[in-house]
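Working notes, beginning with the structure itself.
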Protein chains: 2
Amino acid sequence: MVSSANKGVMKVFLDDMLDERKKRILRAIIDDYIGTAEPVGSRTIARKHELGLSSATIRNEMADLEEMGFLAQPHSSAGRVPSDKGYRLYVDHLMELNELPVEDIEGIKSAMEVKINELSQLIRQASMVMSRITRYTSLATTPQLKKSTFKAVQVVPIETGKALVIVVTDAGVVRNCLIRIPDAILPDFLIKVSNLLNEKLVGLTLGQVDRKVVGEIQDEIIITKELLMPILKGIAECISQIDSHEVFLDGTTNIFNYPEFRDIIKAKEFLSFLDQKEILCGLLESNLPNDSVVVKIGAENCVDGIKECSLVKATYSLGDVVIGSIGVIGPTRMEYPRVISSMNYIKKKINQELKKLVEGNTE
Amino acid sequence: MVSSANKGVMKVFLDDMLDERKKRILRAIIDDYIGTAEPVGSRTIARKHELGLSSATIRNEMADLEEMGFLAQPHSSAGRVPSDKGYRLYVDHLMELNELPVEDIEGIKSAMEVKINELSQLIRQASMVMSRITRYTSLATTPQLKKSTFKAVQVVPIETGKALVIVVTDAGVVRNCLIRIPDAILPDFLIKVSNLLNEKLVGLTLGQVDRKVVGEIQDEIIITKELLMPILKGIAECISQIDSHEVFLDGTTNIFNYPEFRDIIKAKEFLSFLDQKEILCGLLESNLPNDSVVVKIGAENCVDGIKECSLVKATYSLGDVVIGSIGVIGPTRMEYPRVISSMNYIKKKINQELKKLVEGNTE
DNA sequence: ATTAGCACTCAATGGTATCGAGTGCTAACA
DNA sequence: TGTTAGCACTCGATACCATTGAGTGCTAAT
């Protein structure tokens, strides 16, 4: 990805290498190829796009562009196909980010503004609407909230010998864990313990629970190991539940709409790839330096299995803290402008809704 | 499905229609076809299986079997392929349910006996291991627990104006729901309300909460609508969460291993079918009259999209109550004996583990 | 009743001819 | 000097045809 600081310098290099006409032709070729999935010939470009040039001229330019590595030829008497490098240039400098169509905006809005009171539900919903709108496969990681803080901790009696540990975070996420406690413990004592836990933990981040805090608790109340241990284990379990993150997928069968997956082997490769949740997760969460939308094209995805796919991804945040990401994956011949616009919009929308969800939990 | 009461009568009809030799031949053909996916010729049967018959004799028998509808011919000079009716006979009367291989038993055991403390997690695990062992696609519905009873209900204060409603069932399932309550409510009062709720609800099934019970509560404590309504809504939300059931899928890409899905259109059809969670759910939960393993072959599945697939399914129960089901779906050319044996075993295992989970929650 | 033998069928395979979209190159032109 | 018309060439795709071989049904002999 080209950082915006470098973009100016890049532009000069670019102008040296590619004059305006070459850029126009390259863009025309890629636009065409994205639409048709067929190698693009010089005649096609001369006819469809009003460049005022003959096919012969375009042919010469195409040969140049191929030599520079922006185009490739499947075989010597075929038209040209964009290379990863070609797509890269297209995404960074050539394409036009047009407005998102009204129906897509409406689609996103109506999907996201239904009353949702679970954080991960919101992300699920966002992923779903992305796959529907882009017609590619969408993926998203559920929020990781290690940095969120305790809002309340409670130990509630359930029946003799059993209690429930409950953890509530400032993001409004609630988890619980059933524990076994000594039979002799009275409900009143659990309330005292709860109060103390609250006092000690509220405001800390989930990651900050350590031996020191535990020691402080032990100092202030006479508590047996038989009671304390299960409670701490329960809290730990709640924390790990909150922090565990899964990957959601939507629109996996969308790939069958694209001719590049007409080959059963390609289709299998892609779908098998999507089955590897850990790799998927790594892919989605790697290289997310800034807060803009990131595009990974073809072999730029260092993972085997999707070297002929592109990934458009973005993060979402709670306040200033990035807590997860969402992406769209499809053939390198992807409708980048549309996907990127959608991604920009949904990212904004997720952040808005997350904020609402947490602040305005007061509904 | 043939009920066991009818099986004796069926057998007589069967013997009338098919002598021992025809049965042996039919079985040989189906066994062979299940292994190879190639139409089976008379020579193959004569050679591979020691029936002491020439190919010509077998040819005659095959013609008979075809006329009876147990076999079909893709084209006039090809071998025979079993029809749905043929598979039906095979499953009901011909195949041999051999012992499950030790490694499969071990696989199931080791997957199921890891410490799991969530009911639906257990089912997820079971589905996963089934897809791995059978090498087909497995599916399962999460437990539906409308008939389970309240073990505890609690309203816990979180912060001023907010409380958490918690419902625990006898199956050890816990759900919670954050609610908004009037600011003036004191924690002590919530404890009183909790105690009353417990008194009234514990022992009832989730489905039994009705206006009468609510009325009883209102009679016994002075409670404002502003507090009671959110609590009841919270309880309702918890119940609906407990009762909501999803479908899990595993091994969806396994189908690419089978030549019947070499055709991209077939593969798409199948995978798209699996995307329709509601239909899937209906399929899995329909026709589960008794507690044995049920096999639905080809067009017996009244749902479009899997007319060339077979489904082997079973229910699992908590005590005597069926609370969900698990199934394996694959081509009609399925290794029925192996799948059915696995299904029998995993069903038993799930029931065992469920029992342990609920009773021995006391760990 | 069983089977050897034989003519027949038909999908699959591989080879060949044809077609056409597209290229590169050359020569003519503005 | 850049552009373009014209032309020979390339090569995948398509269609056509002959061949092959696994498998069948039928008949006649055992």
Side-chain angles (χ1 to χ4, degrees), chain A residues 17-26 28-30 32-33 35-83 86 259-260 262-264, chain B residues 18-26 28-30 32-33 35-83 86 259-260 262-264 266:
Chain A
M17 198 162 51
L18 290 176
D19 53 30
E20 199 51 40
R21 194 173 74 177
K22 279 203 172 54
K23 283 198 230 166
R24 277 233 295 281
I25 292 175
L26 183 56
I29 293 170
I30 298 185
D32 198 272
Y33 186 70
T36 63
E38 294 291 325
V40 186
S42 52
R43 265 189 65 102
T44 315
I45 296 299
R47 225 178 324 108
K48 278 203 216 167
H49 303 258
E50 314 257 311
L51 296 173
L53 295 169
S54 76
S55 68
T57 310
I58 293 175
R59 225 156 28 235
N60 290 330
E61 296 286 46
M62 282 165 96
D64 290 354
L65 286 167
E66 181 174 2
E67 202 175 4
M68 290 185 240
F70 297 113
L71 294 176
Q73 242 178 336
H75 59 90
S76 72
S77 73
R80 298 312 203 291
V81 160
S83 66
E260 26 273 278
R262 208 92 58 103
D263 178 8
I264 196 89
Chain B
L18 289 176
D19 55 30
E20 199 51 39
R21 194 173 73 180
K22 278 204 173 54
K23 282 197 228 165
R24 278 232 295 281
I25 292 175
L26 182 57
I29 293 170
I30 297 184
D32 197 273
Y33 185 72
T36 62
E38 294 292 324
V40 185
S42 52
R43 265 189 65 103
T44 315
I45 296 301
R47 225 177 325 105
K48 278 204 215 166
H49 303 258
E50 313 256 313
L51 296 173
L53 296 169
S54 76
S55 67
T57 309
I58 293 175
R59 225 156 27 236
N60 290 329
E61 296 287 44
M62 282 166 96
D64 291 354
L65 286 167
E66 182 175 359
E67 201 174 4
M68 290 186 241
F70 297 113
L71 295 176
Q73 241 178 335
H75 59 91
S76 72
S77 74
R80 297 313 202 291
V81 161
S83 66
E260 26 272 278
R262 209 90 58 100
D263 178 8
I264 197 88
K266 292 267 172 63

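Computation of the quantities below employed the complete heavy-atom set of this structure, encompassing side-chain atoms and omitting hydrogens, waters and symmetry-equivalent molecules.
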Quiz item: Taking atom C1' of C:dA4 as reference, at what distance in whole Å does atom CG of B:L53 sit?
Solution: 15 Å
Quiz item: Considering only D:dT10, D:dT24, D:dT4, which nucleotide approaches the side chain of B:Q73 most closely?
Solution: D:dT24
Quiz item: Does A:S54 make a side-chain N or O approach to OP1 or OP2 of D:dT3 shorter than 4.0 Å?
Solution: no
Exercise. State whether A:S76 places a side-chain N or O below 4.0 Å from either non-bridging phosphate oxygen (OP1 or OP2) of D:dT10.
Key: no
Practice problem: Taking only the side-chain nitrogens and oxygens of A:R80, find out if one of them lies under 4.0 Å from OP1 or OP2 of C:dG22. | Solution: no
Exercise. For B:S55, report the nucleic acid contact type (base, sugar-phosphate, nothing); a contact means any heavy atom under 4.0 Å.
Key: nothing
Quiz item: If you check the A:N60 side chain, which of D:dC11, D:dT4, C:dT2 turns out closest?
Solution: D:dT4
Quiz item: Could you give the CD1-to-P distance, from A:I45 to D:dT4, as a whole number of Å?
Solution: 15 Å
Self-check item: For atom CG of B:L65 and atom P of D:dG23, their distance in whole Å
Solution: 17 Å
Quiz item: Does A:L18 reach the side chain of A:F70, with side-chain heavy atoms less than 4.5 Å apart?
Solution: yes
Quiz item: B:I58 CD1 to D:dG25 P: how many Å, rounded?
Solution: 13 Å
Practice problem: Could you point out which residue of A:R47, A:H49, A:K48, A:R43 forms a side chain to side chain contact (heavy atoms under 4.5 Å, CB included) with A:I45? | Solution: A:H49
Quiz item: Nearest nucleotide by nearest heavy atom, which residue falls closer to the 5' end of DNA chain C, B:E61 or A:R59?
Solution: B:E61
Quiz item: In whole Å, what is the span from the CZ atom of B:R21 to the P atom of C:dT3?
Solution: 8 Å
Self-check item: N/O donor-acceptor pair under 3.5 Å between A:S83 side chain and A:G69 backbone
Solution: yes
Exercise. Please state how far atom CG in B:D64 lies from atom P in D:dC26, giving the value in whole angstrom units.
Key: 12 Å
Practice problem: Return the value, rounded to whole Å, for the distance between atom CE of A:M62 and atom P of C:dG24. | Solution: 8 Å
Quiz item: Atom CG of B:L51 and atom P of C:dT2: how far apart are they, to the nearest Å?
Solution: 13 Å
Exercise. Could you please name the option among D:dA5, D:dG25, C:dT3 that lies closest to any side-chain atom of B:A56?
Key: C:dT3
Practice problem: Look at the side-chain N and O atoms of B:T57 and state whether any lies under 4.0 Å from the OP1 or OP2 oxygen of C:dT3. | Solution: yes
Quiz item: Which of the following nucleotides, D:dG23, C:dA11, C:dT3, is nearest to the side chain of B:T44?
Solution: D:dG23
Quiz item: So B:E66 and B:R80, salt bridge (Lys or Arg N to Asp or Glu O under 4.0 Å) or not? Walk me through it.
Solution: CA-CA 8 Å; B:E66 182 175 359; B:R80 297 313 202 291; 2.7 Å; yes
Quiz item: Is the closest side-chain heavy-atom distance between B:L71 and B:L26 below 4.5 Å?
Solution: yes
Quiz prompt | Donor-acceptor pair present, B:S77 side chain and C:dT9 base, under 3.5 Å | solution = yes
